[in-house]
Amino acid sequence: MVLCLRHALAVFVTLVAIHHGFTYVPKSRHNQEWKKLILTHHWPATVCEMDHSHCKNPPKYWTLHGLWPDKAQMCNNSWPFEYSEIQDILPELNHYWPDILHPNKSQLWKHEWQKHGTCAASLECLNTQHKYFSKGLELYTKVDLNSVLEKSGIVPSTKYYQIKDIENAIIGCFGVVPKIQCVPPHQGENVQTLGQIEICFTKELQLRNCTEPVDESLLSLNDPLNWSYNDDLHVCDNSTNTLYPPVKEL
């Protein structure tokens, strides 16, 4: 009897959620409770290089890659991306959160919503597609990574930078530690390429450190949660010269 009542209640809650626009996100045993939101910026010149793509006039500023809960992905496959829900913010999305490899198309937003947005939606302030993408844009504007780096003299150049200088520029502005990722040196080279910078927030949308002490003995290569955000990107090596490449125009 108890099991029947539980099943009936679950069905009822799901139907109510569907009726009100998919604002309910069912818990999954495959997705651990997440603790922080990762505002991920990527550098267009490096994105194009990684894809071996001849991007046509990519942005000359850091753009959004996504807004990611840690330790959770693909939380609700029954909640599809609806282009119509973000129509009023398309100009901002195309400017600050563009699909660099496929300009003026929505593949990136669809991917980000399905993989990350459905998990972030467990927060009331992110529980619709419009809220999720609007909040990503709001946090991007609040952080203003482009200005932060420029004020410290860190601009795209053929000269090399030290990762500590980039990290310190961000710490000096926000008081929190970012996560900085690079494309490792190619064989026979000793220069890494700046690719991605993550700024992290609590569930209350307060800035927090991205990095924290980890007991490496608890990590396993087979742990599905010990995944890399991008197979070509790795945490930058503090001892390796870093290229922050200018955007090439075609």
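The structure displayed is predicted, hence computed values, not measured ones. Every heavy atom of this structure was used, including side-chain atoms; hydrogens, water molecules and symmetry mates were not.
Placement of Val235 and Ile38 in two distinct hydrophobic clusters is found when ILVMFWY residues are connected by side-chain heavy-atom separations under 4.5 Å, directly or transitively. Two different hydrophobic clusters hold Leu243 and Val247 under the rule that ILVMFWY side chains link at heavy-atom gaps under 4.5 Å. Note on Val176: it clusters hydrophobically with Leu149, by side-chain heavy-atom contacts below 4.5 Å among ILVMFWY residues. Cluster annotation: Leu93 and Tyr83 are assigned to the same hydrophobic cluster (Ile/Leu/Val/Met/Phe/Trp/Tyr, side-chain heavy-atom contacts under 4.5 Å, transitive). Leu137 and Ile100 are assigned to two separate hydrophobic clusters, defined by single-linkage of ILVMFWY side chains at heavy-atom distances under 4.5 Å.
Of all non-hydrogen atoms in Cys210 and Lys179, the two that sit nearest each other are CB-N, 3.8 Å. In this structure, Pro69 and Leu37 approach most closely via the heavy-atom pair N-CD2, 3.9 Å. Between Ile180 and Ile197, the shortest heavy-atom contact is CG2-CG1, 4.2 Å. In terms of heavy atoms, Gly136 sits closest to Leu64 at O-CD1, 3.5 Å. Taking all atoms of both residues into account, the shortest heavy-atom contact from Leu145 to Ile170 is CD1-CD1, 4.0 Å. A pairwise comparison of heavy atoms in Cys119 and Ala72 identifies SG-C, 3.7 Å as the closest pair.
Residues passing the ring pair (Phe, Tyr, Trp, His ring centres under 6.0 Å) test with Tyr61, sequence neighbours excluded: His95. Remark: Phe81 engages no residue in a ring pair (Phe, Tyr, Trp, His ring centres under 6.0 Å) (not counting sequence neighbours). In this structure Asn94 satisfies the side-chain hydrogen bond (donor to acceptor under 3.5 Å, both in side chains) test with no other residue, sequence neighbours excluded.
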Check step by step if side-chain contact (heavy atoms from CB on, under 4.5 Å) holds for Met50 and Leu233.
CA-CA 9 Å; Met50 289 168 57; Leu233 288 172; 3.9 Å; yes

Between Lys135 and Leu205, is the side-chain contact (heavy atoms from CB on, under 4.5 Å) condition met? List the steps.
CA-CA 10 Å; Lys135 185 59 69 175; Leu205 302 183; 3.8 Å; yes

List the steps, then state whether side-chain contact (heavy atoms from CB on, under 4.5 Å) holds for Phe201 with Leu207.
CA-CA 4 Å; Phe201 294 83; Leu207 286 162; 3.6 Å; yes

Kindly determine whether Leu101 and Cys55 satisfy side-chain contact (heavy atoms from CB on, under 4.5 Å), including the steps that lead there.
CA-CA 6 Å; Leu101 301 178; Cys55 300; 3.8 Å; yes

Using the side-chain hydrogen bond (donor to acceptor under 3.5 Å, both in side chains) rule, take Asn76 and Ser78 through it: C-alpha gap first, then chi angles, then the decisive distance, then the call.
CA-CA 5 Å; Asn76 190 344; Ser78 66; 2.5 Å; yes

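Proximity of Ser152 to Asp165: side-chain heavy atoms (C-beta onward) are nowhere separated by under 4.5 Å. The closest side-chain heavy-atom distance from Thr141 to Glu92 is not below 4.5 Å. Proximity of Tyr160 to Asn190: side-chain heavy atoms (C-beta onward) are nowhere separated by under 4.5 Å. You'll find the side chain of Pro44 stays beyond 4.5 Å of the side chain of Lys60, heavy atoms only. Within the 4.5 Å cutoff, the side chain of His42 has no heavy atoms near those of the Gln181 side chain. Inter-residue side-chain proximity for Pro246 and Val155 is flagged as unmet; no heavy-atom pair is nearer than 4.5 Å. A 4.5 Å side-chain heavy-atom check between Cys200 and Asp70 finds every atom pair outside the cut-off.
A distance of 8.0 Å separates CD of Glu112 from OG1 of Thr40, quoted to the nearest 0.5 Å. For the atom pair NZ of Lys105 and CG of Asp99, the computed distance is 9.0 Å after rounding to the nearest 0.5 Å. Atom SG in Cys182 sits 4.0 Å away from atom CD1 in Ile163 (nearest 0.5 Å). Distance check: Cys173 SG to Lys151 NZ gives 6.5 Å after rounding to the nearest 0.5 Å. Here the CG-CD distance, from Asp51 to Glu49, works out to 11.0 Å after rounding to the nearest 0.5 Å. We find the CD-NE2 distance between Gln196 and His65 to be 6.0 Å, quoted to the nearest 0.5 Å.
Side-chain N or O atoms of Thr202 include one that pairs as donor or acceptor with a backbone N or O of Glu204 at under 3.5 Å. Checking side-chain atoms of Tyr244 against main-chain N and O of Lys159 turns up no donor-acceptor pair under 3.5 Å. A distance-only check finds no donor-acceptor pair linking the side chain of His116 to the backbone of Leu67 [under 3.5 Å].
Of the options Gln129, Glu124, Lys131, a side chain to side chain donor-acceptor pair (under 3.5 Å) to Asn127 is made by Lys131 and by none of the others. The side-chain contact (heavy atoms from CB on, under 4.5 Å) test with Thr242 is passed by exactly one of Thr193, Leu194, Asp237, Val191: Leu194.
In this structure, Phe133 and Trp113 have tilted ring planes: the angle between them lies in the 30° to 60° band. Ring orientation note: the planes of Trp62 and Trp43 are tilted relative to one another, at an angle of 30° to 60°.
Residues Trp79 and Gln114 bring no donor and acceptor atom of their side chains to less than 3.5 Å of each other. Side-chain contact annotation: Asp88 with His130, donor-acceptor N/O pair under 3.5 Å present. Looking only at atom types and distance, the side chain of Gln192 has no donor-acceptor partner in the side chain of Asn241 under 3.5 Å away.
When ring centroids are compared, Tyr140 and Trp97 stay outside the 6.0 Å threshold.
Within 6.0 Å of NZ on Lys203 lie more than 12 heavy atoms contributed by other residues, nucleotides or ligands.
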